Amino acid sequence: MKIAVMVSGQGRGSNLGAIIQGCASGEIAGEVALVIGTRADAPALQRARDAGINTSVVSPKKYEGDDNGYAAALLRVLERANPGLICLAGYMRKLPDGVLNSYSGRVMNIHNALLPLFGGKGMFGEHVHRAVLESGMKVSGCTVHFVDEQYDAGPIIIQSAVPVMDDDTASTLAARVLVQEHASYVRAIKLYAEGRLRLEGRRVVGAYSAP
Ligand code: GRF
């Protein structure tokens, strides 16, 4: 299975790194065929180039107010790679409908909290962890989900929880969650590549079954 990974801004690409490693180790029956960024100077794109992976930059700024144009530009790049799965990994925007329609059920995202809490517009990076700390919750974690037309709202595939410690700051909590993000994303992609995930209404079945 060919995988396209999308990152945005100056994304550092640690989830991308985990996915590349998951493919290299054979855990994921697939290969990262393309990484698409919104800016040429993203460290994530450099990480991809270092691994010998094709990269493309499609700048949404160039298509400000023209969602269809942005979608068409993304689709042109995606069609060349013909991915079976698109993984958003630090892609901080809403994927345009044109792309979602063409790759329906084949787009995943990783979020750094336990959805449906602490998601939606503006909830990214340390904002999320700060909101968790302010809420007083004693657990946080990460969520891998299929992407639909709403922010952080598609069917949940895998979640992993971590404790919130008394002395946590947004960055210590982020670091604890990030470890789980890498493992969860690789596992979700592995299951998908093996055809083990099934959608039943809003529920994704196949990641949590009795042995
Ligand atoms: C992660 O925290 C992910 O949950 C969120 O964006 C961040 C990307 O980090 N969607 P990285 O670039 O993969 O290190």
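Residue numbers count from 1 along this sequence. Owing to the predicted nature of the structure, the values given are computational and were not obtained by experimental measurement. Whatever order the structure lists them in is the order used to number ligands and atoms, beginning at 1.
Residues Lys138 and Pro163 fail the side-chain proximity criterion, which asks for heavy atoms closer than 4.5 Å.
Atom CD of residue Glu181 and atom SG of residue Cys142 lie 5.5 Å apart, to the nearest 0.5 angstrom. Taking NZ of Lys121 as the start and NZ of Lys94 as the end, the distance is 10.0 Å to the nearest 0.5 Å. Rounded to the nearest 0.5 angstrom, Leu16 CG and Arg47 CZ are separated by 6.5 Å.
The other members of the hydrophobic cluster of Tyr91, by chain and number, are Met6, Leu34, Ile36, Val58, Tyr63, Tyr70, Leu74, Leu75, Val77, Leu78, Ile86, Leu88, Leu95, Val99, Leu100, Tyr103, Val107, Val147 (side-chain heavy atoms under 4.5 Å, ILVMFWY only).
Looking at atom 8 (C) of ligand 1, its nearest protein heavy atom turns out to be Gly90 CA, 3.6 Å. Of all protein heavy atoms, the one lying nearest to atom 10 (N) of ligand 1 is Ile110 O, 2.9 Å.
Applying the ring-ring contact (aromatic ring centres under 6.0 Å, His included) test to every pair with at least one member in residues 110-159, sequence neighbours left out, gives these pairs: Phe124-His127.
Here is the list of ligand 1 atoms found below 4.0 Å of a heavy atom in Asn112: 2 (O), 4 (O). Here is the list of ligand 1 atoms found below 4.0 Å of a heavy atom in Asn15: 1 (C), 9 (O), 11 (P), 13 (O), 14 (O).
Of the candidates Met123, Arg12, Gln180, Arg12 brings a heavy atom nearest to atom 9 (O) of ligand 1.
Under 4.0 angstrom from ligand 1, the non-hydrogen atoms of Glu181 all belong to its side chain.
Within the 4.0 Å heavy-atom cutoff, Gly13 counts among the residues contacting ligand 1.
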